[in-house]
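I have placed the structure first, in the form of structure tokens, so that the comments after it can refer back to it.
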Number of protein chains: 2
Amino acid sequence: MIMKYKTVIVDDHPIVISGISGLLSDLDNIEIVEKFESGIALLDYIEDHKVDLILMDIFLPVINGVDLCKTIKQKHPKIVIIGMSSQSERSLVMQFIQNGGNGYILKNASFDEFKECIYKAIDGEIVFSEEVKTIISQPLSEDLERIPGLSRRERDIALLLSQGKSTQEIADDLFLSFLTVQTHRRNILQKYKMKNVAELIAFLLKNNMLN
Amino acid sequence: MIMKYKTVIVDDHPIVISGISGLLSDLDNIEIVEKFESGIALLDYIEDHKVDLILMDIFLPVINGVDLCKTIKQKHPKIVIIGMSSQSERSLVMQFIQNGGNGYILKNASFDEFKECIYKAIDGEIVFSEEVKTIISQPLSEDLERIPGLSRRERDIALLLSQGKSTQEIADDLFLSFLTVQTHRRNILQKYKMKNVAELIAFLLKNNMLN
DNA sequence: ACGGCAATACCTGATAAAGTGTATTTTTTT
DNA sequence: AAAAAAATACACTTTATCAGGTATTGCCGT
């Protein structure tokens, strides 16, 4: 007897569910056991049924895909979860993976891509469809290229700011005058046209300019 | 004639360079063309020589692996770059991938793991050694489990704070009293024992609790 | 040797945030 | 239906940040 991977599809567009079912029905060792339009229904289901693989849309009503993935993985770390969406954004993909996702596929991927990604994910790999790979490594050319960097001292100060230090504390840490730190801090804010330190830290972290 | 992948190793520990060379010398289609102990030397080299694959330590003197990878990928997007380190941290791995890295291997990985990862990376995949996979998806059980989440309102406010809005602006945006926003803001800071909004935002972003 | 950038430092006034305490209402969970 | 959690609101004090303008020194690259 052939062991088939019990697979569940979650997507709030019935059309997409049907499309994916069609694609997957050709695969020998994949057996679609259920289809859901919401994450809540899925959570109920997996409590009582064996599931090996979940293909889920990331944009779902009520509970989003990232949180859903996190919740499932906490209780069932062995279930392989692949995220899907129509358009995508780098940070979203990374978040999904950081929350336990085993892969991410754009819905416009070809049948072959779907198939390969699914097989590899079952095999224990972390997989991305071609376009996703491009997305997560391409912002280099646009996002980051034209952003002026922090100077050494500015980065020191920004780092301490992200640790919640006050101007005085930073001055003490770096053996500088309070006023010097104040100047650096203002220069950084002006350089990136940020209103305050909170916005600055968010900006720097999102662009990997800290650490 | 067999096409061999021209490979460069960068690591500031000569011992490690030698070890990796030994491992790789067994592989048919990998040819080690150079070894460096610093990123600067590597940058010079790739300007004049063809390179297909780079294995680099993440902790390097002068320029760190993440920045090095970013710099190389900007000019030479086709070079496959695999990061390595002895111990690792989730955010570091993700940063490396976001900056164009094609994979990440812990140095204690087995020869087979090294070999497989390298072949798959050359094949266009994004690869992680086993332990790295565990690291990037496991914090669920420790990091995140015991961290209480933000309530809806708190998340609304935290999000606006990360956009640089002041208490008054947030109050206006959400049609709340200035004082209410002030209370929420204080509650959030106290919940996570943060000194100020800057530290809070850094914390929330690093733990994917925003967005 | 020079220009430009980075790092250092000072002053001041207006505004905002942080710390502490309290309290009512609504919503959610048990 | 009761208990718990979340959302709402107010007052007051202290401390920190933001924004403006200015200036000196050292270093790096041309």
Side-chain angles (χ1 to χ4, degrees), chain A residues 39-40 43-44 47 61-63 67 71 146-204 209-210, chain B residues 40 43-44 47 62-63 67 145-204 209-210:
Chain A
I40 307 298
L43 286 173
D44 285 345
E47 287 312 311
V62 190
I63 181 169
D67 290 344
T71 309
R146 61 186 167 204
I147 297 175
L150 291 166
S151 72
R152 280 149 275 159
R153 217 34 163 178
E154 285 172 349
R155 201 160 84 247
D156 292 343
I157 288 169
L159 189 61
L160 292 171
L161 284 172
S162 78
Q163 289 162 14
K165 303 257 173 114
S166 70
T167 302
Q168 187 58 62
E169 286 172 323
I170 294 171
D172 293 345
D173 280 13
L174 300 178
F175 304 104
L176 293 173
S177 153
F178 175 90
L179 297 152
T180 303
V181 177
Q182 199 171 281
T183 304
H184 279 303
R185 169 209 270 283
R186 174 186 29 172
N187 289 340
I188 304 173
L189 287 179
Q190 275 177 351
K191 184 187 285 186
Y192 302 112
K193 308 226 164 57
M194 296 288 149
K195 288 197 208 74
N196 55 40
V197 178
E199 191 184 12
L200 175 71
I201 297 300
F203 170 81
L204 294 177
M209 295 169 70
L210 231 53
Chain B
I40 307 297
L43 287 172
D44 285 344
E47 287 311 310
V62 190
I63 181 169
D67 291 344
E145 187 112 62
R146 62 186 166 200
I147 298 175
L150 291 165
S151 70
R152 276 153 280 157
R153 217 35 163 178
E154 286 173 347
R155 201 160 85 248
D156 292 343
I157 288 168
L159 190 62
L160 293 171
L161 284 171
S162 79
Q163 288 162 15
K165 305 259 174 109
S166 71
T167 303
Q168 187 58 61
E169 286 172 325
I170 294 172
D172 294 344
D173 280 14
L174 300 178
F175 304 105
L176 292 174
S177 154
F178 174 89
L179 298 151
T180 302
V181 177
Q182 195 172 284
T183 303
H184 278 302
R185 170 207 207 85
R186 172 185 31 171
N187 289 339
I188 303 172
L189 287 178
Q190 275 177 352
K191 186 188 286 188
Y192 303 111
K193 307 224 166 59
M194 296 288 149
K195 289 196 208 76
N196 55 40
V197 179
E199 191 184 12
L200 175 71
I201 298 301
F203 170 81
L204 294 177
M209 295 169 71
L210 229 54

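Here is how names work: the chains are called A, B, and so on, in the same order as the sequence lines, proteins then strands, and each is numbered from 1.
- Chain B approaches DNA chain D over the interval D:dA6 to D:dC12, counting the first and last nucleotide 5' to 3' with an atom under 4.0 Å from its heavy atoms.
- Nucleic acid contact class of A:T167 (heavy atoms, under 4.0 Å, all strands): sugar-phosphate only.
- Proximity of B:N196 to A:V197: side-chain heavy atoms (C-beta onward) are nowhere separated by under 4.5 Å.
- B:Q182 comes within 4.0 angstrom of a base, heavy atoms only.
- Closest-nucleotide positions on DNA chain D for B:T180 and B:N196 were compared, and the one nearer the 5' end corresponds to B:T180.
- Residues A:Q190 and A:K165 both approach DNA chain D. Their nearest nucleotides, taken by heavy-atom distance, put A:K165 toward the 5′ side.
- With rounding to the nearest 0.5 Å, the separation of NZ in A:K193 from CG in A:L200 is 13.5 Å.
- Closest of all the heavy-atom pairs between B:L150 and B:Y192 is N-OH, 3.4 Å.
- Remark: A:I170 CD1 to A:Q168 CD distance equals 10.0 Å, nearest 0.5 Å.
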Quiz: residues 180-190 of chain A side-chain donor-acceptor pairs under 3.5 angstrom, not counting sequence neighbours:
| residue | atom | partner | partner atom | Å |
| --- | --- | --- | --- | --- |
| A:T183 | OG1 | A:L179 | O | 2.9 |
| A:R185 | NE | A:T167 | OG1 | 3.1 |
| A:R185 | NH2 | A:T167 | OG1 | 2.6 |
| A:N187 | ND2 | A:T183 | O | 3.4 |

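- Heavy-atom contacts of chain A under 4.0 Å fall on DNA chain C between two terminal nucleotides, which in 5' to 3' order are C:dA6 to C:dT12.
- Atom CG of B:D173 and atom CG of B:L159 lie 10.5 Å apart (nearest 0.5 Å).
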* To do: I would like to know whether A:L160 and A:L174 meet side-chain contact (heavy atoms from CB on, under 4.5 Å); could you show each step before the answer?
  => CA-CA 10 Å; A:L160 292 171; A:L174 300 178; 3.9 Å; yes
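- Nucleic acid contact for B:S166: sugar-phosphate only, since backbone atoms but no base atoms lie under 4.0 Å from a heavy atom of the residue.
- Residue-level contact check: A:N187 touches neither bases nor backbone, having no heavy atom under 4.0 Å from any strand.
- Side-chain N or O atoms of B:D44 include none that pairs as donor or acceptor with a backbone N or O of B:E47 at under 3.5 Å.
- With DNA chain C read from its 5' end, the first of the two nearest nucleotides for B:R186 and A:E154 is the one closest to A:E154.
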